[in-house]
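Below you'll find the structure, written out as structure tokens, and then a few comments.
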Amino acid sequence: MRLPLFIILCLTILLSSCSQYQRVLRKDDMGKKYTFADSLYKKGKYKKALKLMEQIVPAYRGKPQGEKLMFIYANTYYNLEDYYLSGYQFERFTQAYPQSDSAEVASFKAAKSFYQLSPRYSLDQKDTDKGLEKLQEFINKYPNSDKRMEANTLVAELREKLEKKDYEVAMQYLKLDDGLKAAIDAFDNFITDHPGSKYRKDAFYGRFLAAYKLAINSVPSLVQERLITAKGYYNSFIKYYKDTDLGPEATEIYQDIESRIVAPETEPTI
């Protein structure tokens, strides 16, 4: 069966292009590698472009073409979603070319690369902390950047992820009979570390509930002292969240606390 002329032409062009790429890849001509890599990059053929760039980047450091090459090298990793290397290479670019017209974009993309590495909230948040640090550095360095709004949005997203992580850890302790002391400490830390969190009400209530459970399950000699401590946490909760959905439940627990607290004996008058 004869192939249509159009298909034959396409196959010929494809084979020619592949063979040209292989020839340039094997040759030592840095100029041709640079030109061909740039051409492939502009066409969105990032994997092929990257192989050429990896061969020539060291040779162009300090040369006029080096600035452009290092930027598209970093951006190629970014487009390939290799965010560890894109973050690293964009940071190298900003260090090597701090006065470049592309320095601001590179700084933002470096920060956004670390943002992209942030895992879901239930995993270790080391990369989330780093993403926050890098985004804040960008905001501080370029306060008038047109990327500032996006950077602030990303910061808020990462902060909420850290809040959820800390809140869920505290809640896990609350579910454990032997984790109530740890739950109180975790909720305490949460309230201090995340003053504007949407979980703040639940953290105040969780601390109170943990203190109440700890009190009523304590050995008799500790019950009264711990009931009084729980009562203090109720007062803190009710100060801010009396009229919320958790208010009635908190008040019901408080009434039980009051019924359990033994009034101090008064000394007889003479």
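Hydrogens, waters and symmetry mates are skipped; everything else that's a heavy atom, side chains included, is used.
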Who are the side chain to side chain contact (heavy atoms under 4.5 Å, CB included) partners of N79, not counting sequence neighbours? Y41, Y46, N75
Hey, any chance V57 and L80 share a hydrophobic cluster, counting ILVMFWY side chains that come within less than 4.5 Å of each other, even indirectly? yes
Are L246 and D202 close enough that some pair of their side-chain heavy atoms sits under 4.5 Å apart? yes
Which distance, rounded to the nearest 0.5 Å, do you find between the CG of N152 and the CZ of R159? 8.5 Å
Would D256 and Y212 satisfy side chain to side chain contact (heavy atoms under 4.5 Å, CB included), going step by step from the backbone distance to the final call? CA-CA 10 Å; D256 184 62; Y212 166 72; 2.6 Å; yes
Do you reckon Y241 sits in the same ILVMFWY cluster as L174, going by side-chain contacts under 4.5 Å, direct or chained? yes
Contacts of Q224 meeting side chain to side chain contact (heavy atoms under 4.5 Å, CB included) (sequence neighbours excluded), chain-then-number -> L227, I261, V262
Tell me the closest heavy-atom pair linking F93 and A106, and the distance in Å. CD2-CB, 3.5 Å
Please list, chain by chain and in numerical order, all residues satisfying ring pair (Phe, Tyr, Trp, His ring centres under 6.0 Å) with Y233, sequence neighbours excluded. none
With ring-ring contact (aromatic ring centres under 6.0 Å, His included) as the test, pick out the partner of F71 among F90, Y77, Y97. F90
Answer with yes or no whether the hydrophobic clustering places Y88 together with M53; edges join I, L, V, M, F, W, Y residues whose side-chain heavy atoms lie under 4.5 Å apart. no
Could you pull out all residues at least two apart from K33 that satisfy side chain to side chain contact (heavy atoms under 4.5 Å, CB included)? V24, M30, L52, Q55, I56
Does any pair with a residue in residues 105-131 pass salt bridge (charged side-chain N to carboxylate O under 4.0 Å, His left out), and if so which ones, sequence neighbours excluded? K112-E150
Once you round to the nearest 0.5 Å, how far does NZ of K48 lie from NZ of K43? 10.0 Å
So does D185 pair up with K181, basic N to acidic O under 4.0 Å? no
Does H194 offer a backbone N or O that forms a donor-acceptor pair with the side chain of S197 under 3.5 Å? no
Enclosure of K165 NZ (heavy-atom neighbours >12, cutoff 6.0 Å): yes
Between Y83 and Y78, does the ring centroid distance fall short of 6.0 Å? yes
Kindly determine whether N189 and D166 satisfy side chain to side chain contact (heavy atoms under 4.5 Å, CB included), including the steps that lead there. CA-CA 9 Å; N189 291 334; D166 290 347; over 6 Å; no
Tell me, yes or no, whether the heavy-atom count around D245 atom CG, taken from other residues, nucleotides or ligands under 6.0 Å, exceeds 12. yes
Please test S118 against Q125 for side chain to side chain contact (heavy atoms under 4.5 Å, CB included), starting from the C-alpha separation and ending with a verdict. CA-CA 7 Å; S118 172; Q125 295 301 302; 4.2 Å; yes
I'd like to know whether CG of D177 has more than 12 heavy-atom contacts from other residues, nucleotides or ligands below 6.0 angstrom. no
Looking only at heavy atoms, what is the nearest atom pair of P143 and R148, with distance? O-CD, 3.1 Å
Has R200 got a side-chain atom pairing as donor or acceptor with I191's backbone, closer than 3.5 angstrom? yes
Can you tell me how far the CG atom of L214 sits from the CG atom of D178, to the nearest 0.5 Å? 11.5 Å
D82 vs Y84, side chain to side chain contact (heavy atoms under 4.5 Å, CB included): CA-CA, chis, key distance, verdict: CA-CA 6 Å; D82 189 338; Y84 277 109; 4.2 Å; yes
Determine, step by step, whether Y121 and E160 satisfy the side-chain hydrogen bond (donor to acceptor under 3.5 Å, both in side chains) criterion, reporting the C-alpha distance in whole Å, the side-chain angles of both residues, the deciding distance to 0.1 Å, and the verdict. CA-CA 9 Å; Y121 81 92; E160 184 175 337; over 6 Å; no
Expected output: side-chain S107 to main-chain A103 donor-acceptor under 3.5 Å: no
Please tell me if the side chains of K68 and D38 come closer than 4.5 Å, counting only heavy atoms from C-beta onward. yes
Quick one: CE on M149 to CG on L154, what's the gap to the nearest 0.5 Å? 12.5 Å
Would the F208 and F237 ring centres measure less than 6.0 Å apart? no
Lys/Arg N to Asp/Glu carboxylate O, E258 vs K231, below 4.0 Å: yes
Pairs flagged by ring pair (Phe, Tyr, Trp, His ring centres under 6.0 Å) wherever residues 123-179 is involved - sequence neighbours left out: F108-F138, F138-Y142, Y167-Y199
Quick check: closest heavy atoms across I184 and A211, and the distance to 0.1 Å? CD1-CA, 3.7 Å
Answer yes if I139 and L158 sit in the same cluster of Ile, Leu, Val, Met, Phe, Trp and Tyr residues linked by side chain heavy atoms under 4.5 Å apart, and no otherwise. yes
First locate atom CD of E91, then atom CD of Q89, and finally report the distance between them rounded to the nearest 0.5 Å. 10.5 Å
What do the steps show when you test S86 against S113 for side-chain hydrogen bond (donor to acceptor under 3.5 Å, both in side chains), and what is the final call? CA-CA 6 Å; S86 67; S113 294; 2.7 Å; yes
Could you check K198 against E163 for salt bridge (Lys or Arg N to Asp or Glu O under 4.0 Å), going step by step and ending with a plain yes or no? CA-CA 9 Å; K198 68 180 184 180; E163 290 171 13; over 6 Å; no
Do the charged groups of E104 and K147 touch, with an N to O distance under 4.0 Å? no
Are M70 and V105 linked, directly or through intermediate hydrophobic residues, by side-chain heavy-atom contacts shorter than 4.5 Å (ILVMFWY only)? yes
Does any part of the side chain of V155, heavy atoms only, come nearer than 4.5 Å to the side chain of Y115, both counted from C-beta? no
Might you work through the side-chain hydrogen bond (donor to acceptor under 3.5 Å, both in side chains) test for T251 and Y234, ending with a clear yes or no? CA-CA 8 Å; T251 299; Y234 168 79; 3.2 Å; yes
